[in-house]
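Below you'll find the structure, written out as structure tokens, and then a few comments.
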Amino acid sequence: MSGQNLLGDFLKARRGRVTADQAGVRSLGRRRVPGLRRDELARVAGISQHYLTRLEQGKDRNPSTQVLRALAIALRLDRHETTHLYALAAPSPAVEGHRQVGEDVQQLIDSWGTTPAYVRNHGFDVLAANKLAMALSPMYTPGRNLVRDVFLENDARGLLLDWQEIAVQTAAAPRAEGDPRDPATAELISSMLMDADFRRLWENHDVRPVQNEIKRFVHPLVGPLTLRRQALSIAGAEEQTIITYHAEPGSPSADALNSLC
């Protein structure tokens, strides 16, 4: 993905998702494009069509804060999408290497004997895990990548009951939590674009961070599991996140999870 026109591609994709009615643009006759035309977006955002063309073609990649704010409003972006837009327009940061998980963090997740827990970075590489997380799924084993496993491992489609929705989330998360200009992330996305399911979802240009929510599993040994996922930040290691799963106390899922311990 190195050298790609990430800002321009995002602007064009999101322009195609805003209707004339949503933007308050008067539309006469049959429209040739599903969303806003370039001149319409420029008019709504209060910028010149020539400048918008330069942005979409990648000839200008560093618009001002005022222009970005106007485009975000005109494109009806939410806060996560707006943050992504601003990041694409900022100079590429110096990317640090992926740090090791601290020994204290490993000891912490190991102490949660009845709670599956693992640590991942913003590139969705699994950096550490406790035994119960690895028993829940091999994808939570250190060294694995969650994006690759969700799409490329056949077992994941059988394990994750709501695979279709999880696939949508997985394709949208790298834009929300990572930086597509990071060489490691760019390499991951480039390799994943070979997969038709991922490519179709990635080209939607959705931006959606991982949420604390219910996930449903069908485990090959213990059967159905309904678990709540929680994402926890690690002080001093902002690029790392602890993910935990827990069941409702006294529920069949809690009993099934305990049998994996």
Q. Does R15 use its side chain to pair, donor to acceptor, with the backbone of L36 at less than 3.5 Å?
A. yes
Q: State, to 0.1 Å, how close V44 and A23 come at their nearest heavy-atom pair, and which atoms those are.
A: CG2-O, 4.1 Å
**Q.** pair L52-D39: side-chain heavy atoms closer than 4.5 Å
**A.** no
**Q.** Short side-chain to backbone donor-acceptor contact, H84 and R175, under 3.5 Å
**A.** yes
Q) Taking the inter-plane angle between the rings of Y140 and Y118 on a 0 to 90° scale, is it parallel (under 30°), tilted (30 to 60°) or perpendicular (over 60°)? A) parallel
(Q) For a quick test of reading the model, state the closest non-hydrogen atom pair linking A128 to P142 and the distance between them. (A) CA-CG, 3.8 Å
Q) Does the pair I214 and T226 meet the rule for a side-chain contact (heavy atoms from CB on, under 4.5 Å), with working shown? A) CA-CA 7 Å; I214 297 295; T226 299; 3.5 Å; yes
Q. Is any side-chain heavy atom of P63 closer than 4.5 Å to a side-chain heavy atom of Y51?
A. yes
Q: State plainly whether one hydrophobic cluster holds both L221 and L132, where clusters connect Ile, Leu, Val, Met, Phe, Trp and Tyr through side-chain heavy atoms under 4.5 angstrom apart.
A: yes
Q | Non-hydrogen side-chain atoms of R37 and V25 separated by less than 4.5 Å | A | no
Q. Minimum heavy-atom separation for C261 to G113, with atom names?
A. SG-O, 3.6 Å
Q: Can you see which heavy atom on A90 is nearest to which on N62, and at what distance?
A: C-ND2, 4.4 Å
Q. Can you tell me if H246 uses its side chain to pair, donor with acceptor, with the backbone of T115 under 3.5 Å?
A. no
(Q) Is the shortest side-chain heavy-atom distance between L7 and L85 below 4.5 Å? (A) yes
**Q.** Candidates K215, Q230, R228 - the one meeting side chain to side chain donor-acceptor pair (under 3.5 Å) with Y245
**A.** K215
**Q.** Exam field: side chain N145 to backbone G123, donor-acceptor pair closer than 3.5 Å
**A.** yes
Q: Output yes when R17 and E81 qualify as a salt bridge under the 4.0 Å nitrogen-oxygen rule, no when they do not.
A: no
Q | T244 side, atom OG1; N130 side, atom CG - distance, nearest 0.5 Å | A | 10.0 Å
**Q.** M134-V119 co-clustered via ILVMFWY side chain contacts under 4.5 Å
**A.** no
(Q) Let's go through F124 and V150 carefully: what are the C-alpha distance in whole Å and the side-chain angles of both, what is the deciding distance for side-chain contact (heavy atoms from CB on, under 4.5 Å) to 0.1 Å, and is it a yes or a no? (A) CA-CA 11 Å; F124 295 85; V150 165; over 6 Å; no
Q | Nearest-0.5 Å distance that lies between atom CG in D104 and atom CD1 in I109 | A | 10.5 Å
Q. Is the side chain of H122 donor-acceptor paired with the backbone N or O of E238 at a distance under 3.5 Å, no angle test?
A. yes
Q) So among L136, V218, L161, which one has a side-chain contact (heavy atoms from CB on, under 4.5 Å) with L225? A) L136
**Q.** Contact summary for Q22 and V18, nearest pair of heavy atoms
**A.** OE1-CA, 3.5 Å
**Q.** Distance, nearest 0.5 Å, that separates CH2 of W112 from CG of L108
**A.** 4.0 Å
Q.
Checking the side chain of N5 only, and the main-chain atoms of E56 only, is there a donor and an acceptor separated by less than 3.5 Å?
A. yes
(Q) Could you check whether any side-chain N or O of E177 sits under 3.5 Å from a backbone N or O of V210, counting only pairs where one atom can act as donor and the other as acceptor? (A) yes
Q | Spatial distance of atom CG (L193) from atom CG (L188) [nearest 0.5 Å] | A | 9.0 Å
**Q.** Verdict with supporting geometry, F151 and M192, side-chain contact (heavy atoms from CB on, under 4.5 Å)
**A.** CA-CA 8 Å; F151 284 93; M192 288 302 304; 3.6 Å; yes
Q: Would you confirm whether N121, through its side chain, and E239, through its main-chain N or O, come within 3.5 Å as a donor-acceptor pair?
A: no
Q | Heavy-atom pair with the smallest gap, counting every atom of G35 and E40 | A | O-OE1, 4.4 Å
Q) Same hydrophobic cluster for V168 and L146, using side-chain heavy-atom links shorter than 4.5 Å among ILVMFWY? A) yes
Q. Just how far is it from atom OG1 of T185 to atom CG of D125, taken to the nearest 0.5 Å?
A. 8.0 Å
Q.
Test of understanding: clusters of I, L, V, M, F, W, Y form through side-chain heavy atoms closer than 4.5 Å, transitively. Do L159 and I166 belong to the same one?
A. yes
Q) Can you find a heavy atom in the side chain of D206 that is under 4.5 Å from one in the side chain of R14? A) yes
(Q) Do L71 and L41 have side chains that approach each other closer than 4.5 Å (heavy atoms only, starting at C-beta)? (A) yes
Q) Donor-acceptor pair, D195 side chain versus F198 backbone, under 3.5 Å? A) yes
Q. Short question: side chain of R208, backbone of A176 - any donor-acceptor pair under 3.5 Å?
A. no
(Q) For a side-chain contact (heavy atoms from CB on, under 4.5 Å) check, start with the C-alpha distance between N258 and T114, then their side-chain angles and the critical distance, and finish with the verdict. (A) CA-CA 6 Å; N258 287 337; T114 60; 4.2 Å; yes
Q) Can you tell if the side chain of V222 reaches within under 4.5 Å of the side chain of L257, non-hydrogen atoms only? A) no
Q. Is there a chain of hydrophobic side chains (I, L, V, M, F, W, Y, each step under 4.5 Å between heavy atoms) that links L232 to L127?
A. yes
Q.
I need the E248 CD to L227 CG distance, nearest 0.5 Å.
A. 11.0 Å
**Q.** CA sep, side-chain torsions, deciding dist, call: R38, Q49, side chain to side chain donor-acceptor pair (under 3.5 Å)
**A.** CA-CA 7 Å; R38 189 178 287 159; Q49 182 180 344; over 6 Å; no
Q. Any chance CD of Q66 has more than 12 other-residue heavy atoms, nucleotides or ligands included, within less than 6.0 Å?
A. yes
